[in-house]
Peer 1: 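Have a look at the structure that comes next, please.
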Amino acid sequence: MPTAVLVDYIDQHRDRFGVEPICTVLTDAEVPIAPSTYYAAKTRPPSARAIRDAELVQDIKVAHKAQPRCLRREEDPRLAQP
């Protein structure tokens with residue numbers, strides 16, 4: 001399981017259970033994550049890839065919003081099957 005997914009899960013439940021107990025339960029369930037891994041992921045700056053991905057998401061949203069309507073395959077005459 002990706003570390004980012006585990007970190008998000010821990011963030012959702014850390015106020016109620018604490019980081020260390022959650023990590024223990026996850027590790028016992030064969031989803032290993034150490035508390036130090038969690039804390040390292042929280043303090044690490046975003047990677048160049050993550051920054052670029054965020055920019056691309058914004059570009060995609062702008063392009064999507066500019067498109068008044070997307071045709072389904074059945075509606076687009078260029079994609080119609082003979």
Side-chain angles (χ1 to χ4, degrees):
M1 186 167 298
T3 301
V5 173
L6 294 172
V7 168
D8 288 342
Y9 178 81
I10 293 169
D11 281 343
Q12 292 173 13
H13 302 284
R14 67 179 282 187
D15 291 338
R16 185 170 178 198
F17 300 107
V19 172
E20 288 79 9
I22 294 171
C23 291
T24 300
V25 170
L26 288 172
T27 300
D28 290 346
E30 298 183 12
V31 184
I33 183 167
S36 59
T37 302
Y38 168 80
Y39 291 118
K42 292 296 288 179
T43 58
R44 187 179 310 126
S47 67
R49 169 71 185 265
I51 292 169
R52 181 67 180 135
D53 285 353
E55 293 169 353
L56 290 174
V57 166
Q58 291 305 313
D59 292 345
I60 292 168
K61 286 180 180 180
V62 168
H64 184 29
K65 197 171 206 173
Q67 189 71 301
R69 180 172 179 261
C70 291
L71 295 176
R72 291 192 323 250
R73 183 177 144 164
E74 298 82 21
E75 297 172 332
D76 191 335
R78 296 170 298 167
L79 300 174
Q81 295 180 0

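The analysis underlying the following values was restricted to heavy atoms, covering all of them including side chains, and did not include hydrogens, waters or symmetry mates.
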Peer 1: With rounding to the nearest 0.5 angstrom, report the CD to OH distance, Glu20 to Tyr38.
Peer 2: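 It comes to 10.0 Å.
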Peer 1: Excluding sequence neighbours, so at least two apart, what forms ring pair (Phe, Tyr, Trp, His ring centres under 6.0 Å) with Tyr9?
Peer 2: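 Once residues adjacent in sequence are excluded, the partners of Tyr9 under the ring pair (Phe, Tyr, Trp, His ring centres under 6.0 Å) criterion are His13.
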Peer 1: Out of curiosity, Thr3 OG1 to Asp8 CG, how far, rounded to the nearest 0.5 Å?
Peer 2: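 Rounded to the nearest 0.5 Å, the OG1-CG separation comes out at 11.0 Å.
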Peer 1: Return the CZ to CD1 distance between Arg16 and Ile22, rounded to the nearest 0.5 Å.
Peer 2: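 Result: 10.0 Å between the selected atoms.
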Peer 1: Identify the heavy atoms of Val7 and Ala41 that sit nearest to each other, and give their distance.
Peer 2: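 Of all heavy-atom pairs spanning Val7 and Ala41, the closest is CG2-CB, 3.7 Å.
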Peer 1: To the closest 0.5 Å, what do you measure between CG (Leu6) and CD1 (Ile33)?
Peer 2: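 So the gap between those two atoms works out to 4.5 Å.
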Peer 1: Which value, rounded to the nearest 0.5 Å, describes the distance between Ile10 atom CD1 and Phe17 atom CZ?
Peer 2: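 Going from the CD1 atom of Ile10 to the CZ atom of Phe17 covers 12.5 Å.
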Peer 1: Which pair of non-hydrogen atoms, one from Ala34 and one from Cys23, has the smallest distance, and what is that distance?
Peer 2: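 Taking every non-hydrogen atom into account, C-SG, 4.0 Å.
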Peer 1: Is there a side-chain contact (heavy atoms from CB on, under 4.5 Å) between Val57 and Lys61? Walk through the geometry before answering.
Peer 2: CA-CA 6 Å; Val57 166; Lys61 286 180 180 180; 3.8 Å; yes
Peer 1: Let me check something: do Val5 and Val19 share a hydrophobic cluster, defined by ILVMFWY side-chain heavy atoms less than 4.5 Å apart, either directly or through other members?
Peer 2: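 Same cluster.
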